[in-house]
Amino acid sequence: MNILGLIEVSNTLLFVVCIIVALYIYLTWTHSIWSSQGIKGPTPYPVIGTLLQNLKMGLPMGDKAIYDKFADEKVVGLYDGRKPNLMVKDAELLKKVLVKDFQYFINRRDMGGLELGKEFKRMLTGLKNDEWKTARSIISPTFSSGKIKRMVAQINASNNGLLKVLEEKAAADEMFEIKQNLADCTMNMIASVAFGIKMDGDSESDKELREQFATISGRFSNIPKRRIFVIIVASILPVFNPIINYFKLAHMEDGTVEFYKEILEQAMANRQSDTSKHTDFLQLMIKAQSEVDDAKSFTNDDILGNSMLFFLAGYETVSTTLMWVIYNMSIHQEEQEKVYEEVMEAVGNEDELTYDMLSQMTYLEMFIEESMRIFPPASILERAVNEDVTIDGINFPKNATVTVPVIALHHDPKIWPEPKKFIPERFTAEEKAKRNPYYYQPFGLGPRNCVAMRLAQTEVKLCIAKMVKSFKILPCEKTEDPIEIVKSGAMHPKNGMFIKVAKR
Ligand code: HEM
């Protein structure tokens, strides 16, 4: 082809140039959505949008660096590839997104039709709009204080294995890596409260079941790099999703769902032959199912999906919380002693801890809250915009993402003076009353917050109180202070969590 009689250009070259220009326009078309509204943010690039900082520093720390850089802004305009994402830093605007104008922000990030597997579609975390409302209204009452109170005995029994390990370590006077022990203890607690399964014993079958649960539950927290890559591609470039779905590239590894299905079927069959009273969530979900008017609104697939969700949502979060509380105990001896005195006062000469004893442990609660401020297991939360809406003069376009930068909010020096310092007294009733609550969100806030918050808090409190009652948690030569964190999304120590324990 001859252009204006000046240059000879082959048709192939022209085609390639047109494709590149079209692709460039497609990839950057949305990149003025925020700047056109006067909203500041990092410079977006084609393909990666504003993710450069996150690629360099990891997702949570990258977001924190952006939050700090735009210190005086209420919101920061971001792009995940070409998808607009608004980081909301202002507590009053967060309240509107999470509570007051919740109807525009009901759902989590829209993954552009990415399929993770049939069972994932029925999990509360991923459900949308009315389907979510129905499922949440069925599941929420199963986490009421009354029901959790009745589960304390089960939770009590499921951390005896951990105490036994501590006994051995104290006797040997050796340092050890406690992360896996806490993960095992969490798994025992979930298996017990979710399915009524007890596997804390020394028998071969208990050991085998524990190993199976550990392997399978580990898949929720140790997602292979290939799947992480696929999910990142899907959220940046959703055009590839049909291909990803066709080859099931984002699906869970074979055997995971089957394992839970088998456990569930076994547990359901046991229930038919056994008339004793069960106080686990499986029983509560079966009961809730029998009470809904429309049988299709909560099926057996829903029960399976949501039982798996207990492991997906509760395994990593609870064990990570326990790990950071233990870490803080080891490097803050004075505060640990205060916890110990409080536990002893509440428990007296009793062997088993009760729900009422736990409610008296207010300093322990503050200790845990401060630990979750510094190391929140979920460092970022997200909502998707349901339909175009303007709030406080900001136009939130349909399908955009809204980011709640939890870890950055928790470390904002304007809200938390000396944010790196561990000060449980930040959480006295008086101090809490002085602060806007939207600056602290380890469990999220509003109607879509963590549905199991009370259960999680009870599990953590109970487990820590039992440990502190019998053991002194000590630092060792491998305990880092300050501690180095991995770059990935989760709040994990880079070089492990080493401590020592001594018998009280
Ligand atoms: C310390 C432990 C835990 C922490 C820090 C935690 C934190 C969170 C957070 C931050 C969210 C998202 C909230 C939002 O988007 O606003 C969430 C959601 C959720 N969590 Fe938890 N969680 C914990 C334990 C658990 C446990 C033990 C379970 C189940 C047994 C659970 C079940 C769920 C479910 C089902 C959702 C989705 C709620 C919905 O979409 O309606 N979590 N959690």
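Counting begins at 1 with the first residue of the sequence. Atoms within each ligand, like the ligands themselves, are counted from 1 in listed order. Quantities reported herein were computed from a predicted structural model and do not represent experimental measurements.
Neither the backbone nor the side chain of Ile190 has any atom closer than 4.0 Å to an atom of ligand 1 (non-hydrogen atoms only). The part of Arg383 lying near ligand 1 is the side chain, judged by heavy-atom distances below 4.0 Å. Residue contacts with ligand 1 for Leu381 involve side-chain atoms from C-beta outward but no N, CA, C or O (heavy atoms, distance under 4.0 Å). Of the heavy atoms in Met123, none comes closer than 4.0 Å to ligand 1.
The shortest contact between atom 36 (C) of ligand 1 and any protein heavy atom is with Thr125 CG2, 4.0 Å. In this structure, the protein non-hydrogen atom closest to atom 12 (C) of ligand 1 is Arg108 NH2, 3.6 Å. When hydrogens are left out, the protein atom nearest atom 1 (C) of ligand 1 is Thr321 OG1, 3.2 Å; that is the closest non-hydrogen contact. Nearest protein neighbour of atom 13 (C) of ligand 1, counting heavy atoms only, is Arg448 O, 3.5 Å. Ranking the protein heavy atoms by distance from atom 30 (C) of ligand 1 puts Phe310 CD2, 3.3 Å first.
Results of the side chain to side chain donor-acceptor pair (under 3.5 Å) test with Lys96 over Asp101, Asp90, Asp392 single out Asp392 as the only residue that passes. In summary, of the residues considered (Lys420, Arg426, Lys432, Lys421), a salt bridge (charged side-chain N to carboxylate O under 4.0 Å, His left out) with Glu370 occurs for Arg426 alone. In summary, of the residues considered (Thr403, Asn85, Thr401), a side chain to side chain donor-acceptor pair (under 3.5 Å) with Asp80 occurs for Asn85 alone. Looking at Leu264, Leu309, Thr299 one by one, the single match for side chain to side chain contact (heavy atoms under 4.5 Å, CB included) with Leu304 turns out to be Leu264.
Both the sub-6.0 Å distance and the 45° axial angle are satisfied by Arg435 relative to the ring of Phe427.
The atoms of ligand 1 that sit less than 4.0 Å from any heavy atom of Asn449 are 13 (C), 16 (O), 38 (C). Those atoms of ligand 1 with a heavy atom of Met372 less than 4.0 angstrom away are 1 (C), 5 (C). Of all atoms in ligand 1, listed by their number and element, those nearer than 4.0 Å to a heavy atom of Pro377 are 5 (C). Interface atoms of ligand 1 facing Trp132, defined by a heavy-atom separation under 4.0 Å, are 39 (C), 40 (O), 41 (O).
Applying the salt bridge (charged side-chain N to carboxylate O under 4.0 Å, His left out) rule to Asp481 yields no partners; only residues at least two apart in sequence or on another chain are considered.
Remark: aromatic rings of Phe396 and Tyr104 are distant, center separation not under 6.0 Å. Between Phe259 and Phe195, the ring centre distance reaches or exceeds 6.0 Å. A distance below 6.0 Å separates the ring centres of Trp132 and Phe102.
Around atom 21 (Fe) of ligand 1, the protein atoms of type N, O or S that sit closer than 2.8 Å are Cys450 SG.
Smallest separation of non-hydrogen atoms from Gly62 and Met57: N-CB, 3.9 Å.
Between Ser379 and Met61, every side-chain heavy-atom pair lies at or beyond the 4.5 Å cut-off. At a threshold of 4.5 Å between non-hydrogen side-chain atoms, the residues Thr142 and Ile139 count as touching.
Here the shortest heavy-atom distance to atom 10 (C) of ligand 1, taken over Gly446, Ser307, Ser140, Pro442, belongs to Pro442. With distances taken over non-hydrogen atoms, the option nearest atom 38 (C) of ligand 1 out of Lys133, Arg136, Lys128 is Arg136.
Between the side chains of Asp388 and Asn395, not a single donor N or O lies within less than 3.5 Å of an accepting N or O.
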